[in-house]
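Working notes, structure below.
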Amino acid sequence: MPIVVNLDVMMAKRKMSLGELAQRVDITLANLSILKNNHAKAVRFTTLEAICRALDCQPGDLLEYVPGPEGGEEQER
């Protein structure tokens with residue numbers, strides 16, 4: 001998938017656990033884990049806003065576009 005969620009990176013920078021973030025954002029641990037592990041198909045803006053507020057970051061700090069073979073471009077990571 002060309003959109004990569006860097007939630008784990010921001011959580012590490014803020015020294016925040018998944019459980020603590022889930023509590024602050026008021027989202028289930030399971031749903032937050034799905035997002036963190038790049039298995040989510042969508043994210044609500046309200047959820048994104050709450051995560052950004054809790055981690056004191058911008059949406060661009062969490063989401064990254066990485067072109068892949070389906071776009072005709074390859075990029076090494």
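Along the sequence shown, residues carry numbers from 1. Note that the coordinates shown come from a computational prediction; the quantities given were computed from them, not determined experimentally.
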When the side chains of residues 14-21 are checked against the rest of the protein, which donor-acceptor pairs come out under 3.5 Å, sequence neighbours left out?
residue : atom : partner : partner atom : Å
Arg14   : NE   : Leu55   : O            : 2.5
Arg14   : NH2  : Leu55   : O            : 3.3
Arg14   : NH2  : Asp56   : O            : 2.8
Ser17   : OG   : Glu20   : N            : 3.0
Glu20   : OE2  : Arg24   : NE           : 3.3
Glu20   : OE2  : Arg24   : NH2          : 2.8

Query raised in the report: Any side-chain heavy atom of Asn37 sitting closer than 4.5 Å to one from Asp8?
Result: no
Query raised in the report: Any side-chain heavy atom of Leu48 within less than 4.5 Å of one from Pro59?
Result: yes
Report summary line: Heavy-atom closest pair (Val25 atom, Ala50 atom, distance to 0.1 Å) is CG1-CB, 3.7 Å
Requested in this report: Go through Leu35 and Ile27 one step at a time and tell me if the side chain to side chain contact (heavy atoms under 4.5 Å, CB included) criterion holds.
Outcome: CA-CA 11 Å; Leu35 183 60; Ile27 188 173; 5.8 Å; no
Report task. Please answer: with hydrophobic residues joined when any side-chain heavy atoms are less than 4.5 Å apart, are Ile34 and Met10 in the same cluster? Result -> no
**Report entry** salt bridge (charged side-chain N to carboxylate O under 4.0 Å, His left out) partners of residues 27-38, not counting sequence neighbours, each pair once
**Finding:** none
Query raised in the report: Of Leu7, Asn6, Leu62, which is the lone residue that meets side chain to side chain contact (heavy atoms under 4.5 Å, CB included) with Cys57?
Result: Leu62
Query raised in the report: Quick one: side chain to side chain donor-acceptor pair (under 3.5 Å) partners of Thr46, sequence neighbours excluded?
Result: none
Query raised in the report: If two hydrophobic side chains count as joined below 4.5 Å and joins carry through other members, does Val9 share a cluster with Val4?
Result: no
Query raised in the report: Do any N or O atoms from the side chain of Asp61 and from the backbone of Gln58 form a donor-acceptor pair under 3.5 angstrom?
Result: yes
Query raised in the report: Checking Asn38 side chain against Val5 main chain: does a donor-acceptor pair fall under 3.5 Å?
Result: yes
